[in-house]
> 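Structure incoming, see below.
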Amino acid sequence: MKLSLKLGATPEDFSNLPPEQRRKKLQQKVDELNKDIQKEIDQRDALTKMKDVYTKNPQMGDAASVGQKLAEIGHNIEKLRFEVQKFEGWLAEVEGRLPVRNDNSRRQSGLYETQNTTTANNCAQDRESPDGSYTEDQSQETEVKVTPTEFDDDFDDEEPLPTIGTCKALYPFSGENEGTISVAEGEVLNVIEEDKGDGWTRIRRNEDEEGYVPTSYIEVYLDRNAKDS
């Protein structure tokens, strides 16, 4: 019984979860701890006022006993702040990895916007005539019309991550945690995001099924052309 409890226990740093889900859990824990700290601070402020009243009017209560409670609350606040620092450290570690993916998508979006703007500006320069600004107005109208359609196309293309290779499941994986996907031994699936160093690879079975699996559970065959691009 003790062994099963240990195996089923969730690690304090949620390291059993994929990066995105781990970040959410850690952020949730930090928020909860900060709320607990605020409650302790509010209680400390109330007891401080009570202690002042008891000090001025000893017949109303014992200021010394209130002082002991204040000391306990101060100790609790220190412990909670230590816990916050610990979880924020893990959170920073996870977020230090996640932006690699997010920044890539942002860079791609920025690249598309830059290309659109450059293309539109080139059109404006090509159509510009030495003796009038009317052609510039036409090019500006063209830019307004062209850019949204190109942006919509690019946005649609970014929604599904491209396949960068395939993988074969060496072992079965249940995929019970949020963000994971179950696989059967010997199953072949598409790889859409390789391991970022956290031990998880993102795969896709079909358009509606994708998620993370432990990298050690699969054998990955990356498409060199897709990886280089």
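Numbers here are sequence positions counted from 1.
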> Using every non-hydrogen atom in the two residues, find where Pro19 and Val94 come nearest and quote the distance to one decimal.
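Closest pair (atom of Pro19, atom of Val94, distance): O-CG1, 3.4 Å.
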> Side chains of Ser174 and Ser182: any donor to acceptor distance under 3.5 Å?
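No donor-acceptor contact under 3.5 Å links the two side chains.
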> Using the side-chain contact (heavy atoms from CB on, under 4.5 Å) rule, take Val30 and Leu26 through it: C-alpha gap first, then chi angles, then the decisive distance, then the call.
CA-CA 6 Å; Val30 169; Leu26 289 171; 5.6 Å; no
> To the nearest 0.5 Å, what is the distance between CD1 on Ile77 and CD1 on Ile41?
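The CD1 atom of Ile77 sits 5.0 Å away from the CD1 atom of Ile41.
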> With a 4.5 Å cut-off on side-chain heavy atoms, are Asp13 and Arg22 touching?
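Yes, close enough: below the 4.5 Å cut-off.
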> Within the distance-only criterion (no hydrogens, no angle test), does the side chain of Arg202 pair as donor or acceptor with the backbone N or O of Val213 below 3.5 angstrom?
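Not a single qualifying donor-acceptor pair exists.
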> With rounding to the nearest 0.5 Å, note down the distance linking CE in Met50 to OG1 in Thr55.
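Between Met50 CE and Thr55 OG1, I get 12.0 Å after rounding to 0.5 Å.
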> Are side-chain heavy atoms of Ile203 and Val183 found at a separation under 4.5 Å?
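When only atoms from C-beta onward are counted, Val183 and Ile203 do touch, with a gap below 4.5 Å.
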> Determine, step by step, whether Glu194 and Ile164 satisfy the side-chain contact (heavy atoms from CB on, under 4.5 Å) criterion, reporting the C-alpha distance in whole Å, the side-chain angles of both residues, the deciding distance to 0.1 Å, and the verdict.
CA-CA 8 Å; Glu194 60 181 312; Ile164 60 173; 4.2 Å; yes
> For the backbone of Ala64 and the side chain of Asp62, can you confirm whether one donor and one acceptor N or O come within less than 3.5 Å of each other?
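At least one qualifying donor-acceptor pair exists.
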> Rounded to the nearest 0.5 Å, what separation is found between the OG1 atom of Thr163 and the CG atom of Asn190?
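Rounded to the nearest 0.5 Å, the OG1-CG separation comes to 4.0 Å.
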> Just wondering, do Asn177 and Gln21 contact through their side chains at under 4.5 Å, heavy atoms?
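No, too far: nothing below the 4.5 Å cut-off.
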> Looking only at non-hydrogen atoms, find the nearest pair between Asn16 and Pro11 and report the distance.
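Minimum heavy-atom contact is OD1-CD, 3.5 Å.
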> Below 4.5 Å, heavy atoms only, C-beta onward: do Val66 and Leu47 meet side chain to side chain?
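In contact.
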> When you check the gap from the basic side-chain N to the acidic O, do Arg205 and Glu187 get nearer than 4.0 Å?
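Yes, this pair counts.
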> Begin from the C-alpha positions of Glu40 and Leu80 and carry the test side-chain contact (heavy atoms from CB on, under 4.5 Å) through to its verdict.
CA-CA 10 Å; Glu40 295 288 341; Leu80 288 169; 3.9 Å; yes
> When you group the ILVMFWY residues by side-chain heavy-atom contacts below 4.5 Å and let the links chain together, are Tyr171 and Trp200 in the same group?
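In one cluster: yes.
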> Report the relative orientation of the aromatic rings in Phe14 and Phe87; use parallel for angles under 30°, tilted for 30 to 60°, perpendicular for over 60°.
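Ring orientation, 0 to 90° scale: tilted.
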> Return the minimal non-hydrogen interatomic distance between Leu161 and Glu193, and the atom names on each side.
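Residues Leu161 and Glu193, closest heavy atoms: CD1-OE1, 4.0 Å.
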> Can you give me the closest heavy-atom contact between Ala169 and Ala184, atom names plus distance?
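Closest heavy-atom pair between Ala169 and Ala184: CB-O, 3.2 Å.
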> Can you confirm whether the side chains of Asn206 and Glu209 place a donor and an acceptor under 3.5 Å from each other?
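Side-chain D/A pair, Asn206 to Glu209: present.
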> For residues Tyr221 and Tyr212: do they belong to one hydrophobic cluster (side chain heavy atoms under 4.5 Å, members Ile, Leu, Val, Met, Phe, Trp, Tyr)?
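Each belongs to a different hydrophobic cluster.
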> Output yes when Lys86 and Glu12 qualify as a salt bridge under the 4.0 Å nitrogen-oxygen rule, no when they do not.
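Counted as a salt bridge, because a side-chain N and a carboxylate O are separated by less than 4.0 Å.
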> Give a yes or no on whether the backbone of Asp198 and the side-chain of Asp195 come within a donor-acceptor separation of less than 3.5 Å.
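Confirmed, Asp195 side chain pairs with Asp198 backbone.
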> Inspect the contact between Glu72 and Lys69 and indicate whether a charged nitrogen and a carboxylate oxygen are less than 4.0 angstrom apart.
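No, this pair does not count.
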> Any chance you could measure Lys39, atom NZ, to Ile73, atom CD1, to the nearest 0.5 Å?
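Taking NZ in Lys39 and CD1 in Ile73, the distance rounds to 13.5 Å.
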> Can you hop from Val220 to Val188 via hydrophobic side chains spaced under 4.5 Å?
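No, it is not one cluster - the side chains of Val220 and Val188 are not joined through contacts under 4.5 Å.
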> How close do Lys51 and Leu70 get, counting heavy atoms only, and between which atoms?
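Shortest heavy-atom contact: CD-CD1, 3.9 Å.
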> Quick one: do Thr201 and Ile218 satisfy side-chain contact (heavy atoms from CB on, under 4.5 Å)? Show the steps, please.
CA-CA 9 Å; Thr201 299; Ile218 58 176; 3.9 Å; yes
> Going from CH2 on Trp90 to NZ on Lys25, what distance comes out if it is rounded to the nearest 0.5 angstrom?
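Taking CH2 in Trp90 and NZ in Lys25, the distance rounds to 15.0 Å.
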> Going by atom types alone, do Asn34 and Gln38 pair a side-chain donor with an acceptor below 3.5 Å?
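Looking only at side-chain atoms, Gln38 and Asn34 do not form any donor-acceptor pair under 3.5 Å.
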> When rounded to the nearest 0.5 angstrom, what is the spacing between CZ in Arg204 and CD1 in Ile192?
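Reported value, rounded in 0.5 Å steps: 4.5 Å.
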> Closest approach of Pro18 and Thr180, non-hydrogen atoms and distance?
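Taking Pro18 first and Thr180 second, the nearest heavy atoms are CG-CG2, 3.5 Å.
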